[in-house]
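A short worksheet on the structure shown next.
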Amino acid sequence: MKLLLNTLLLLFCITSFSQSKSDSLLLVKNEWINKNLDYLRFDADTITYNIANTRHDLYFDLGKRTLKMKELFYNGGAGIKEEAIRFKIKSLDKTKLVITPIDAKIDLDQEGMRKLKYDPFFVRKEYTFYNREKVVEQVDFKKITFISSTCFGTCPSFSLEINRDGTVFYQGRIYARKFTGNFKGKIARKEMVELHKLLNRSSITSIDKKWNQQTKPTDNPRFNYIIELRNGKTIEISTNDQHPILDRLSAYFIAIPEVASLMKSPKKHNFEKPKINAYKIVGIEE
């Protein structure tokens with residue numbers, strides 16, 4: 001009888017561990033978003049989220065169908081202090097994630113948390129997210145202009161234009177290294193396919209209509225997206241603390257010199273000028 005109980009206990013532990021590992025792989029492998037632009041992106045032990053138009057980064061732990069998001073910080077001589085909010089994972093598969101807070105807001109209020117901004121997680125009683133790869137908005141573009149400023153570091157400052165046929169114009173300014181100056185080139189078909197995929201899964205048309213940066217200017221670079229659509233409309237976004245679902249798209253644009261065949265050009269290209277110039281960092285931008 002004792003052997004049977006020990007065997008059942010071992011099987012329970014193995015099943016619980018396997019479930020937790022399976023949940024972890026599903027969470028980390030995918031990005032999650034919904035129609036309200038609520039968003040989750042998991043890394044090894046950190047999570048980037050945008051909830052109720054608030055972007056932040058936290059640590060996380062995953063238990064048996066539970067998710068804990070936590071803020072870790074030094075508290076004088078007391079060492080590292082943790083403030084956390086727990087969620088029940090009601091549903092999780094390759095296409096959908098549903099979570100709901102376990103902790104009550106009134107209890108967190110009484111704990112007097114100083115670092116963890118938990119209020120946005122109580123805007124809704126339940127959060128339903130969908131796999132970013134399954135949320136597709138067709139972005140039928142004619143021309144894309146992307147302008148990046150420098151920052152309080154060595155962020156490259158440049159202007160980039162990508163046309164539908166793959167033609168690229170690039171002007172590198174501060175910290176553009178060997179790509180300082182004027183360049184022209186072409187993006188290979190494979191890279192254009194990747195660009196279309198990123199655009200169609202960026203929710204950028206929804207962000208243009210529904211999202212506004214809530215934070216004040218930070219020391220991050222300012223990004224201007226100007227996307228001219230083939231139907232004559234234009235999407236324009238200016239931000240230096242962007243919605244995190246755009247991170248992969250901006251990383252693609254920043255890496256263009258590495259993936260496009262750029263050649264030095266004697267002519268200065270006339271880039272589209274942004275109509276929105278919010279979030280400038282005074283004193284360091286061109």
Apply side-chain hydrogen bond (donor to acceptor under 3.5 Å, both in side chains) to Asp241 and Thr215, showing your working.
-> CA-CA 7 Å; Asp241 195 17; Thr215 54; 2.8 Å; yes

Kindly indicate, with the supporting measurements, whether the criterion salt bridge (Lys or Arg N to Asp or Glu O under 4.0 Å) is fulfilled by Glu82 and Lys68.
-> CA-CA 11 Å; Glu82 174 184 303; Lys68 180 167 77 170; 3.0 Å; yes

Could you give me the CA-CA distance, side-chain angles and deciding distance for Lys70 and Glu83, then say whether salt bridge (Lys or Arg N to Asp or Glu O under 4.0 Å) is met?
-> CA-CA 6 Å; Lys70 56 187 182 179; Glu83 295 179 350; over 6 Å; no

What's the verdict on salt bridge (Lys or Arg N to Asp or Glu O under 4.0 Å) for Glu31 and Arg248, showing C-alpha distance, side-chain angles and the deciding distance?
-> CA-CA 11 Å; Glu31 297 174 63; Arg248 285 170 61 186; 2.7 Å; yes

When you look at Arg124 and Thr100, which way does the side-chain hydrogen bond (donor to acceptor under 3.5 Å, both in side chains) test go after all the steps?
-> CA-CA 9 Å; Arg124 302 178 223 292; Thr100 186; over 6 Å; no

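Listed here is the closest heavy atom pair of Gln242 and Arg55: O-NH1, 2.7 Å.
For Phe223 and Phe253, the gap between ring centers reaches or exceeds 6.0 Å. Aromatic pair Phe42/Phe60: ring centres closer than 6.0 Å. Side-chain rings of Phe141 and His196 approach one another, their centers coming within less than 6.0 Å.
Side-chain atoms of Gln138 and Asp140, non-hydrogen and from C-beta on, never get closer than 4.5 Å to each other. The shortest distance between side-chain heavy atoms of Ile235 and Tyr225 does not fall below 4.5 Å.
For the pair Lys96 and Tyr130, the NZ or CZ position fails the cation-pi test of under 6.0 Å to the six-membered ring centre and within 45 degrees of the ring normal.
Remark: Lys268 NZ is loosely packed, at most 12 non-hydrogen atoms of other residues, nucleotides or ligands lying under 6.0 Å away. In the displayed structure, Asp165 atom CG is contacted under 6.0 Å by more than 12 heavy atoms of other residues, nucleotides or ligands.
Using the six-membered ring where Trp is involved, Phe158 and Phe146 have ring planes that are tilted, between 30° and 60° apart.
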